[in-house]
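Notes to accompany the following structure.
Note that ligands are numbered from 1 as they come in the structure, with each ligand's atoms numbered from 1 the same way. Every heavy atom of this structure was used, including side-chain atoms; hydrogens, water molecules and symmetry mates were not. Source: prediction; values computed, not measured.
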Amino acid sequence: MKVFAPATVANVACGFDILGFALDRPGDTVRARLSSEPGVTIEKITSQFGDLPFDPAKNTASVAAAAFLERYKPGLGLVLEIEKQMPIGSGLGSSAASAAAAVFAAHQLAGEPCSKADLVEFAMLGEAVACGSAHADNVAPSIIGGFTLIRSYDPLHVLSIPYPNHLRTAVVHPEIEIRTEDARKVLKRNVPLHQAIAQFGNIAGLVLGLCTSDSSVIATSLDDVIIEPERSVLIPGFMKAKVAAIEAGALGCSLSGSGPSIFALCESEEIAIAAGKQIAAVFQEQGIASTTYISGINNQGAKVLD
Ligand code: HSE
């Protein structure tokens with residue numbers, strides 16, 4: 001079985017660790033087959049983006065699939081082939097896409113014993129080995145698709161947020177690497193109450209704007225007063241790129257996940273292309289090459305290819 005799971009934009013400005021949406025592309029592909037040997041093994045990894053561990057205890061894909069099998073089909077064996085089709089440490093949810101694809105493949109081969117949403121908790125374990133934190137804001141949209149909210153981590157409660165279908169995004173990946181683990185270490189541990197209040201308002205406003213297709217509420221709510229100011233200093237030209245994307249008509253622009261990719265959420269493909277060009281031009285001025293992805297919000301998430 002061959003499975004695809006998409007890249008994702010996590011946080012979506014104000015929703016640190018709780019909001020995310022899926023892209024049409026890029027994404028990772030995992031081939032999986034059942035084996036008579038219990039446990040999960042990795043047979044092959046194809047990646048032009050650096051080495052990934054073959055040790056099943058260290059690879060995000062095998063960890064996620066093994067946790068799923070342990071719960072639903074202990075004794076079943078699985079052999080994985082991972083095709084990385086996006087850069088690691090990019091802010092595109094690279095580790096999440098591999099975990100999502102592997103757990104979804106395991107779920108299919110095991111006869112679909114649970115819902116797609118139930119797979120999120122296993123894929124989160126893959127995130128924990130990849131970056132030391134079991135956040136779900138990349139794995140949830142990669143598995144389920146669409147725009148997702150992690151309403152609660154304990155117990156895990158994932159919800160899908162309705163969104164206007166015309167939304168498009170530009171995600172620009174500059175060729176620098178920021179490991180999520182490092183980008184989490186720079187964050188302060190305490191948040192002043194006034195910042196928390198501003199952020200709560202933006203999260204609620206963004207969700208309401210998405211549900212009611214209110215572009216001006218979406219635009220005004222795409223503002224992160226807590227995380228972006230701390231992380232954006234790691235990305236040369238960030239503020240200039242953000243201003244340029246908004247001038248090009250984007251509803252908002254912020255870091256994609258923990259960066260260094262930047263996303264701009266837009267009301268049309270045309271605006272997304274223009275915003276993407278502006279962001280890429282700023283990176284070019286900084287002497288940094290970049291790749292731009294233009295995408296709608298992928299409402300399917302992980303899927304079987306063949
Ligand atoms: N919410 C996570 C973070 C996403 O910002 O650290 C990482 O892709």
[X]: numbered ligand 1 atoms lying under 4.0 Å from its heavy atoms:
| X | result |
| --- | --- |
| Asp137 | 1 (N), 2 (C), 4 (C) |
| His135 | 2 (C), 4 (C), 7 (C) |
| Arg231 | 3 (C), 5 (O), 6 (O) |
| Phe16 | 3 (C), 5 (O), 6 (O) |
| Thr180 | 6 (O), 7 (C) |

- [ ] Considering only non-hydrogen protein atoms, determine which one is nearest to atom 3 (C) of ligand 1 and report residue, atom name and distance to 0.1 Å.
- [x]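 Checked against all protein heavy atoms, atom 3 (C) of ligand 1 sits closest to Arg184 NH1, 3.2 Å.
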TODO: State whether the side chain of Ser62 and the backbone N or O of Pro56 hold a donor-acceptor pair below 3.5 Å, judged by distance alone.
DONE: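 Checked: pair present.
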TODO: Indicate yes or no for a side-chain donor-acceptor contact from Asp17 to the backbone of His135 under 3.5 Å, with no hydrogens or angles considered.
DONE: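 The answer is no, because no donor-acceptor pair under 3.5 Å joins these two groups.
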Thinking salt bridges, do [X] and [Y] make one under a 4.0 Å N-O criterion?
| X | Y | answer |
| --- | --- | --- |
| Glu285 | Lys240 | yes |
| Glu43 | Arg31 | no |
| Asp24 | Arg168 | no |
| Glu83 | Lys44 | no |

Task: Donor + acceptor pair across side chains of Ser221, Asn202 (<3.5 Å) - done: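 No, because no side-chain N or O of Ser221 sits under 3.5 Å from a partner of the opposite role on Asn202.
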Open item on the list: Considering both backbone and side-chain atoms of Asn11, is one of its nitrogen or oxygen atoms within less than 3.5 Å of a nitrogen or oxygen in ligand 1?
Closed with: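 N/O-N/O distance below 3.5 Å exists for this pair.
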Between [X] and ligand 1, which part of the residue brings a heavy atom under 4.0 Å of the ligand: side chain, backbone, both or neither?
| X | answer |
| --- | --- |
| Glu127 | neither |
| Asn138 | side chain |
| Asp17 | both |

